[in-house]
Amino acid sequence: MKTAIKINDLTKKFGNKIAVDKINLEIYEGELFGLLGINGAGKTTTIRMLTGLSAVTDGEAEILGHSIKTDMQEIKPLINVSTQETAVAGNLTVRENLELIANIYGMNKSDIKGSIGEIVTSLELDEVISQRAKTLSGGWQRRLSIAMALITSPKIIFLDEPTLGLDVIARRELWKVLENLKGKITIILTTHYLEEAEALCDRIAVMAKGKIKALGTAKELKKSADKDSIEDAFVEIVGGGV
Amino acid sequence: MRVMAFTSRNIKELLRDPISYVFCLGLPIVMLIVMTLINDSIPVVPGTPKIFNIEKLTPAMTVFALTFIMLFACIRVSGDRSSAFLTRLYASPMKSGDYIMGYTLPFGIIALFQIIITYTSGEIIALINSKSFDIINALLSVPLLFPSMVLFIGIGIIFGTILNANAAPGVCSAVITATAILGGIWMDIDTMGGAWKTVCGCLPFYHSVKYARFALEGNFTDMLNPLLICSAFAALIFVIAVLVFSMKMKSDKR
Ligand SMILES: Nc1ncnc2c1ncn2[C@@H]1O[C@H](COP(=O)(O)OP(=O)(O)OP(=O)(O)O)[C@@H](O)[C@H]1O
Ligand SMILES: [Mg+2]
């Protein structure tokens with residue numbers, strides 16, 4: 001298995017506060033990797049560092065062989081991100097938003113057309129394709145925001161709580177999309193829905209207070225925590241013990 | 001490609017939110033009419049030309065109207081910065097120069113329309129008063145105003161970059177007022193002299209108004225000096241805009 005992301009002692013401090021504390025991880029190409037953890041565990045901060053949105057305090061990470069400290073400009077065209085907050089251009093239509101991102105990543109015209117066609121079908125965006133983003137409901141804006149990350153056919157995609165605010169149907173649709181991408185591209189996903197992580201992810205890392213507390217398949221996590229459900233295992237790992 | 005994509009997004013955002021450009025295009029016309037009416041009611045002082053005479057007023061008003069382009073550029077940039085959308089672009093291959101160009105071009109286009117509309121309205125008012133601009137000089141004034149345009153858009157981008165969306169409009173209003181007072185739009189700074197003139201001379205607005213007036217007069221010899229000063233300011237401001245924006249991009253990554 002080839003390595004897509006290699007993280008060595010990656011650390012992020014905000015003043016005295018340590019948001020990410022010397023984490024080490026190796027994520028493989030084609031893997032669907034889940035990053036779990038309670039609020040404030042450091043998931044978003046980790047993703048922000050890996051996508052060049054936040055400066056690294058200490059440690060290092062390599063993405064497809066490039067250092068995030070020195071070669072971010074080479075990494076950027078190869079990756080894409082759907083941030084925790086929905087990020088769309090309000091006055092542009094759904095199609096224009098998708099075209100904008102595709103153009104910024106330097107895709108050619110025929111590729112753009114094809115990609116938009118595929119994404120629109122898989123995320124069922126056709127009924128809103130000509131609607132301005134700011135007039136969409138929250139969940140539909142979210143779908144668009146995710147579609148804008150998928151449109152550039154990235155080698156690695158970071159999805160920070162993609163299913164937040166999606167209805168059950170939309171969530172299942174997104175699962176299908178992600179399952180189809182499994183093995184083809186590397187996906188790093190954060191979520192607070194544990195059953196979602198269990199159903200989708202090849203491997204899961206559980207973070208708490210900036211550290212990785214457990215790493216493995218859902219099965220392995222349950223086994224090592226000696227619990228039957230992923231939720232109980234999670235609670236055990238993060239030490240919430242109710 | 002990245003610049004074109006981002007420019008076209010900014011143009012669409014502008015055109016679909018018409019308040020800004022309707023304001024930018026309508027304001028100079030209204031101001032020209034109001035100022036002309038005021039001018040007509042001021043008694044004539046022998047030996048001094050009225051400052052609100054249309055051939056003096058039109059170039060000054062054109063420069064003044066550019067301050068509103070500055071305001072809307074500033075609001076756009078500061079508004080974008082507070083949105084998750086710009087965060088997404090920060091993760092994309094866009095470079096700081098791409099952002100600056102993408103913000104400058106759309107406002108440059110509106111500024112161009114604004115300049116043309118202001119001179120056309122000025123000419124109509126002149127015709128009503130049985131005068132006329134020299135058409136060649138008026139036509140030449142349009143491209144000659146390019147440095148002023150860059151100057152004000154650059155200032156807008158700088159303030160939009162360093163200020164948040166709440167503070168940006170207030171600070172821009174201060175610049176608008178400064179331009180009006182220190183630019184000699186409503187008064188003839190050259191006849192005032194002294195320390196006041198020195199202060200005005202240290203800022204670009206006075207030079208901008210001055211060369212625009214000389215250009216319409218067709219006095220290209222006297223125009224050269226203030227034009228060069230304004231162009232130097234514009235170049236400097238633009239460089240600062242690029243630097244400030246890329247520094248801010250870095251510091252946003254804390
Ligand atoms: N810009 C910042 N300045 C100061 N502290 C920050 C900043 N961003 C994040 N933090 C802190 O870093 C820690 C980790 O935050 P992060 O957003 O990574 O958590 P998370 O795991 O994504 O949580 P959630 O599930 O709520 O999204 C938190 O304690 C947070 O307060
Ligand atoms: Mg988060």
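In the text below, chain A, chain B and the rest are named by the order of the sequence lines, each starting its count at 1. These figures come from a predicted structure and were not determined experimentally.
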Any chance you could measure B:Met94, atom CE, to A:Tyr105, atom OH, to the nearest 0.5 Å?
->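 Nearest 0.5 Å value for the CE-OH distance: 10.5 Å.
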When rounded to the nearest 0.5 angstrom, what is the spacing between CZ in B:Arg2 and CD1 in A:Ile104?
->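 Answer for the CZ-CD1 pair, B:Arg2 versus A:Ile104, is 9.0 Å.
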By number, which residues in [range] have some heavy atom less than 4.5 Å away from chain B?
range                       : result
residues 142-157 of chain A : A:Ser145, A:Met148, A:Ala149
residues 9-19 of chain A    : A:Lys12, A:Phe14
residues 113-140 of chain A : A:Arg132

With the side chain counted from C-beta on, respond yes when B:Met1 and A:Asn103 share a heavy-atom pair under 4.5 Å apart, and no when they do not.
->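 Yes, at least one pair of side-chain atoms sits under 4.5 Å.
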Output all residues satisfying side chain to side chain donor-acceptor pair (under 3.5 Å) with B:Ser148, sequence neighbours left out; order by chain, then residue number.
->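 Per chain and number, B:Ser148 pairs via side chain to side chain donor-acceptor pair (under 3.5 Å) with B:Ser208, B:Tyr211.
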Take B:Phe85 and A:Leu100 through the side-chain contact (heavy atoms from CB on, under 4.5 Å) test and state the conclusion after the steps.
-> CA-CA 12 Å; B:Phe85 177 69; A:Leu100 169 65; 3.5 Å; yes
Taking only Lys NZ, Arg NE, NH1 and NH2, and the carboxylate oxygens of Asp or Glu, determine whether A:Glu85 and B:Arg88 approach each other closer than 4.0 Å.
->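 Here A:Glu85 does not pair with B:Arg88 in a salt bridge, since their nearest N and O are not under 4.0 Å apart.
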Can you tell me if [X] has over 12 outside heavy atoms packed within less than 6.0 Å of its [atom1]?
X        : atom1 : answer
B:Phe146 : CZ    : no
B:Lys250 : NZ    : no
A:Lys22  : NZ    : no

Full working for side-chain contact (heavy atoms from CB on, under 4.5 Å) between B:Lys95 and A:Gln73 | CA-CA 9 Å; B:Lys95 299 197 176 84; A:Gln73 219 44 50; 4.0 Å; yes
Test A:Asn91 against B:Lys12 for side-chain contact (heavy atoms from CB on, under 4.5 Å), laying out the working first.
-> CA-CA 7 Å; A:Asn91 273 323; B:Lys12 284 178 194 143; over 6 Å; no
Of the non-hydrogen atoms in A:Thr93 and B:Arg16, which two are nearest, and what is the gap between them?
->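 Taking A:Thr93 first and B:Arg16 second, the nearest heavy atoms are N-NH1, 4.1 Å.
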Of the backbone (N, CA, C, O) and the side chain (C-beta and beyond), which part of B:Leu89 lies under 4.5 Å from a heavy atom of chain A, both, or neither?
->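 Just the side chain, heavy atoms under 4.5 Å.
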Toward chain A, the part of B:Ser92 with a non-hydrogen atom under 4.5 Å =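 Interface part for B:Ser92: both.
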Quick one: do A:Arg48 and B:Thr87 satisfy side-chain contact (heavy atoms from CB on, under 4.5 Å)? Show the steps, please.
-> CA-CA 10 Å; A:Arg48 284 176 57 83; B:Thr87 308; 4.0 Å; yes
